[in-house]
Amino acid sequence: MLDKAYDPKPVEERRLAAWEAAKLFDSSPRPGARPFAVVIPPPNVTGALHIGPALNDALQDALIRHHRMRGEEACWVPGADHGGIATQNVMEKQLKAEKTDRRALGREAFLERMQTWTRDCKKTILGQLRRLGCALDWTREAFTMDEPRAKAVFHAFKTLWDQGLIYRGERLVNWCVRCGTALSDIEVEREERKGGLYHIHYRGEGDWDGVVVATTRPETMFGDTAVAVNPKDVRWESAVGKKVLIPLIDRAIPVIEDAHVEFEFGTGALKVTPAHDQNDWEIGQRHQLPAIKAIAPDGKLTEAAGPYAGLSREKARDQVVADLEARGFLRKKEDHKSAVQLCYRCNSVIEPLLSLQWFVKQTELAKPALKALDDGRFKIYPETWAKPYRDWLLNIKDWCISRQIWWGHRIPVWYKEGEKPAVAERAPGPGWTQDPDVLDTWFSSALWPLAVFGWPERTKDLAYYYPTSVLVTGYEILYLWVARMQMMGLAFEGKVPFADALIHGIVRDKSGKKMSKSLGNVVDPLVLMDKHGTDALRFALLAQAHPGKDIAFDEQSVVGARNFVNKLWNSTRFVLMNLPERPPEGGYRLDRLDRKGLELADRWILSRAQSVLETAAKQLDAYDPAAAGDILYGFLWDEFCDWYVELAKARLQGPAGGAQEAARAILVAVLSSMLKALHPLTPFITEELCLALSPFSGDRAEFALKAGYAALSGWSDAAAEAEMSRVMAAVTAVRSLRAQLNVPPGLKIKAAVQGSFAPKILAEHRAYVSALARMESLEPFSARPPQSATAVSDGVTFYVPLAGVIDFAQERARLEKDLAKAETEIVKIEAKVKNPDFLSRAPQAQIEEARAQHAAAAARRDKLKETLAVLS
RNA sequence: GGGCAGUUAGCUCAGCGGUAGAGCACUGUCCUCACACGACAGGGGUCAUAGGUUCAAAUCCUAUACUGCCCACCA
């Protein structure tokens, strides 16, 4: 016998052990079967997973399990990403805590430590995935820096190099002073911050007045190589062509014209610092201006800054401003809001810096990706992300792929005096030295769907699983990752790496704030799993994961899901308690049922179950587990447990025989098919319960995944559904009467029934009504009992004698309230039914329905009025 | 400065052309023989605002107002 409450821990342990022992999730090409392949977004090896990836993984697992149950060869590839800068930063923090740093350690020793860290971290992360119940094919575990992936990276680099798409050049790049490396454009985040706008006087050379420029970054003035004004700006007309002196260092620079300069901003004069500002760089290109570096890669001012050399950016700004002010150059300081650029890994302010870097040309690579989107080979769900994705590809800029860190794939370019640089995996010969930089971590991530299947080798896996089916990820890496995989996949294989991308939202805290360590609002999925069970956590996340929508996550939602899981447990427990010790040969089978012998409730629940299963399957096909979860939850709780199980009790506890067997068979069939349908969402408990039911359900499969897809057919019965809803309404009317008149729950009432639906109730549904409304007897109405209360429903009126219990004033008030309800309903429907436009233009079915509603409401109203008249 | 979402019950969110829904919270009754992680009954919304289309609009269109996100070279 099952315990009274579900205890997740032993069940989860048991299921995990069984899955692993059976290698249940392994996949290999199976001719004839449709592949359904998914590659996991490889988590960075920066530490343990938080709740965000848990959602991402639960979504993928639901899809994988669903498609497995549909008979497809589902393959979900696990793995991890070395995570470049992010991971190196983690290690650097550790080293700092040990009062050392990577330079003291040396490159080789540092990398060795990184390897060890990586091994431990992967263990943690993959352990978490396992614990979540992820149906990952563990034999395929991949890492972006393991041997096969390194091979893929080299091959990709070489191919792009041979095609002339890779080049090296000195460009203005986003430089993170703290991380000590260049970043690509999309690795930079922006944040609006308050700062100052400084108006600085640049004296004229000779004896003219000079100009006043406005800048937010006075400390870069030592790198100025011009002052620019708009060609149409009459205010500065006379200054153009003359020279001004940079204050404090008195270097002369020309005043030039450039259309980029805005009239309204500041003074209309712009100081041009090509080496430290993107716009200025472009102006510099247009006017062949030199680029003078005023800030070094370490964030300190260079020799060009004269007396300020060696000061940090921040200190230099304060000092320069103070000196300008003291010497009368500072004309004005305004408050000013501007968007500062921040490193997406360490959040420090980015310095645009001129440096020698490697780039991949993007325009040509983007074209096939655009085409794939436009002709539908690649689809994004929800569609709303397609436009931003498209715009990004259209305006794509070259990708800076070199990083000045140690952790990553070393750039496979070798140098030697007097030779052209060579691309090779190993030194081409003695005297060659390798480029010290490593590749952007996203370079290897971009190859993930190819690399996990052995590319560039022509493997069977690649032929079978590629292109993969769907990629599940958050919108924050749409460009960083999704777009690049599309470009690379198309460039190297001519096929999209995945046909669909499912973009989900971000898990936020319950007040809607982004989770972050610094805010202290991060949620540890393991803690929640320990507390409430894995299925509960999964269901809570999935039930809220509407496509593309962020989730405001509250632990309360996990409690709610836990309650549902417990409801599954107890309903199965109840069914098992009411089954015989020995199951019938082959289990209960619906096809053995005598359809004519079925009761209304049977026909109703089977019809409903069939429809619910169909809908849930469609929703999972459409990548919407939230909708599937919602409908399954509602059906199981509100319809199956609250009505069907209650109705079946009479037969279960009654005499043995055909009626009892039918109830048992239907309970088993409906429950076990629902458990199977829920399996993609809550794999542990559903499988455990399916197994417990298996002798009765006739399901021989050892695992829910192998039990096949849950479906019923041939049970659709609209008439039964309609009739059942009338019965339910009648029951509810009596229950309501009882509650409102404070009839003790234990007290069984006598009732008489009247109305057009009454004969049917008396003949066929008497047992239902008297059981659920707790009646001692139910008779046809003959005469109104002296002290009785009345419950009016569609086609039925119940009279309940309640001598001594009933309070007439209360009863009147109750009926008047019902009457008021009926009246307002009638007013609404009457407006419709009496509207000639409605009658002439609405579809016939609508009209008929409205008329029927009107008639029913009117009948109810009349009955209530009549009752009230008797009472007064 | 562009673009995209959202604005529905106290809270979190479904619904997206035919009489307003769920979970949680709330009120009342009940430890009724699966489940108090429960049962039954109930209260609570002029579906942001203003127009329009339609027999019919939370649902479609157009504005407006907030909120959030993405993108962008106003120093």
Side-chain angles (χ1 to χ4, degrees), chain A residues 2 4-6 186 190 197-198 213-217 220 228 260-262 264-267 269-273 277-283 336 338-339 382 384-385 387-389 391-392 395 475-476 478-479 505-506 510-512 532 536 540 543-544 546 548-554 556-557 559-578 626-627 630 633-634 638 641-642 645-646 649 653 732 735-740 742-746 772-774 824-825 828-829 831-832 835-843 845-847 849-850 853-854 857:
Chain A
L2 302 181
K4 195 166 169 181
Y6 173 57
I186 41 179
R190 282 155 203 277
L197 183 64
Y198 302 88
V213 302
T215 181
T216 54
R217 300 205 59 195
T220 64
H260 163 77
V261 182
E262 304 270 339
E264 298 81 20
F265 193 90
T267 61
L270 168 71
K271 71 184 214 40
V272 182
T273 323
D277 183 279
Q278 189 59 43
N279 291 316
D280 293 9
W281 169 256
E282 280 158 27
I283 293 174
H336 181 70
S338 63
T384 154
W385 281 105
K387 190 177 151 59
Y389 172 84
D391 289 347
W392 186 76
N395 301 311
Y475 54 76
E476 72 274 19
L478 186 61
Y479 314 126
I506 289 171
K510 72 173 173 185
S511 58
H532 309 293
Q544 297 174 81
H546 295 99
K549 293 266 177 97
D550 286 354
I551 293 173
F553 184 82
D554 186 343
Q556 197 56 42
S557 67
V559 173
R562 191 267 325 250
N563 294 352
F564 175 58
V565 167
N566 189 244
K567 190 75 178 173
L568 293 178
W569 180 262
N570 269 292
S571 44
T572 307
R573 178 166 169 253
F574 171 80
V575 169
L576 287 170
M577 283 169 66
N578 285 284
D630 187 58
Y633 180 105
D638 301 336
C641 289
D642 289 348
V645 166
E646 292 307 316
K649 279 180 179 171
Q653 285 151 17
T732 304
R735 281 172 168 176
S736 183
L737 176 154
R738 294 183 60 120
Q740 288 174 58
N742 297 317
V743 177
L772 294 185
R774 307 208 111 228
T824 53
E825 200 182 328
K828 262 189 202 164
I829 305 171
K832 215 171 175 182
N835 180 349
D837 288 327
F838 174 72
L839 295 175
S840 61
R841 305 205 189 190
Q846 283 296 332
I847 296 171
E849 201 185 315
Q853 283 168 357
H854 183 254

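The sequence lines fix the lettering, A, B, ..., with proteins before strands; numbering per chain opens at 1.
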Minimum-distance nucleotide to [X] side chain [options: [options]]:
{"X": "A/His260", "options": "B/rC73, B/rC13, B/rG18", "answer": "B/rC73"}
{"X": "A/Gln653", "options": "B/rC37, B/rA34, B/rA72", "answer": "B/rA34"}
{"X": "A/Ser571", "options": "B/rC24, B/rC37, B/rA34", "answer": "B/rA34"}
{"X": "A/Lys828", "options": "B/rA75, B/rA20, B/rA34", "answer": "B/rA20"}
{"X": "A/Asp642", "options": "B/rU12, B/rA39, B/rU29", "answer": "B/rA39"}
{"X": "A/Lys4", "options": "B/rC35, B/rC30, B/rU19", "answer": "B/rC35"}
{"X": "A/Cys641", "options": "B/rA34, B/rA41, B/rC33", "answer": "B/rA34"}
{"X": "A/Asn279", "options": "B/rC73, B/rA75, B/rA34", "answer": "B/rC73"}

Find the partner of [N]: check Watson-Crick (N1-N3 plus N6-O4 or O6-N4) and G-U wobble (N1-O2, O6-N3) distances, both under 3.5 Å, and reply none if neither fits.
{"N": "B/rG17", "result": "none"}
{"N": "B/rU62", "result": "B/rA50"}
{"N": "B/rA39", "result": "B/rU29"}
{"N": "B/rC69", "result": "B/rG3"}
{"N": "B/rC11", "result": "B/rG23"}

Any donor and acceptor pair, going by atom type alone, linking the side chain of A/Arg217 with main-chain N or O of A/Asp277 inside 3.5 Å?
no
Let me see the working for A/Arg573 and A/Lys4 under side-chain contact (heavy atoms from CB on, under 4.5 Å), right down to the final yes or no.
CA-CA 8 Å; A/Arg573 178 166 169 253; A/Lys4 195 166 169 181; 4.0 Å; yes
Scan [X] against the nucleic acid and name what it touches under 4.0 Å (heavy atoms): base, sugar-phosphate only, or nothing.
{"X": "A/Glu646", "result": "base"}
{"X": "A/Ala214", "result": "base"}
{"X": "A/Pro843", "result": "base"}
{"X": "A/Val645", "result": "base"}
{"X": "A/Asp280", "result": "nothing"}
{"X": "A/Ser736", "result": "sugar-phosphate"}
{"X": "A/His336", "result": "sugar-phosphate"}
{"X": "A/Gln853", "result": "base"}
{"X": "A/Asp554", "result": "nothing"}
{"X": "A/Val565", "result": "nothing"}
{"X": "A/Tyr479", "result": "sugar-phosphate"}

For the residue pair [X] and [Y], what are the closest heavy atoms and their distance?
{"X": "A/Leu772", "Y": "A/Arg735", "value": "O-NE, 3.2 Å"}
{"X": "A/Ala626", "Y": "A/Ala543", "value": "CB-O, 3.5 Å"}
{"X": "A/Ala561", "Y": "A/Ala536", "value": "CB-O, 3.2 Å"}

Specify the separation, in whole Å, of atom [atom1] of [X] and atom [atom2] of [N].
{"X": "A/Ile829", "N": "B/rG18", "atom1": "CD1", "atom2": "C1'", "answer": "12 Å"}
{"X": "A/His546", "N": "B/rG23", "atom1": "NE2", "atom2": "P", "answer": "14 Å"}
{"X": "A/Asp630", "N": "B/rC24", "atom1": "CG", "atom2": "C1'", "answer": "14 Å"}
{"X": "A/Asn395", "N": "B/rC73", "atom1": "CG", "atom2": "C1'", "answer": "13 Å"}
{"X": "A/Asn742", "N": "B/rU27", "atom1": "CG", "atom2": "P", "answer": "17 Å"}
{"X": "A/Tyr633", "N": "B/rC13", "atom1": "OH", "atom2": "C1'", "answer": "14 Å"}
{"X": "A/Trp385", "N": "B/rG6", "atom1": "CH2", "atom2": "P", "answer": "13 Å"}
{"X": "A/Gln544", "N": "B/rC24", "atom1": "CD", "atom2": "C1'", "answer": "11 Å"}

Sorted by position of nearest nucleotide on RNA chain B, 5' first, the leading residue of A/Tyr475 and A/Ile551 is A/Ile551
It should be established whether [X] places a side-chain nitrogen or oxygen under 4.0 Å from OP1 or OP2 of nucleotide [N].
{"X": "A/Ser557", "N": "B/rU12", "value": "no"}
{"X": "A/Lys549", "N": "B/rC69", "value": "no"}
{"X": "A/Asn563", "N": "B/rG38", "value": "yes"}
{"X": "A/Arg735", "N": "B/rA41", "value": "yes"}
{"X": "A/Lys387", "N": "B/rC71", "value": "no"}

Rounding to the closest angstrom, what is the interatomic distance between B/rG10 and B/rC47 at atom P?
13 Å
Please say whether the positively charged group of A/Lys649, taken as NZ for Lys or CZ for Arg, lies over the ring of A/Phe574, i.e. under 6.0 angstrom from the six-membered ring centre and within 45 degrees of the axis.
yes
Looking at A/Lys567 and B/rC35, is any side-chain donor or acceptor paired with a base atom of the opposite kind under 3.5 Å?
yes
Looking only at the side chains, is there a donor atom on one of A/Ser557 and A/Lys510 sitting less than 3.5 Å from an acceptor on the other?
no
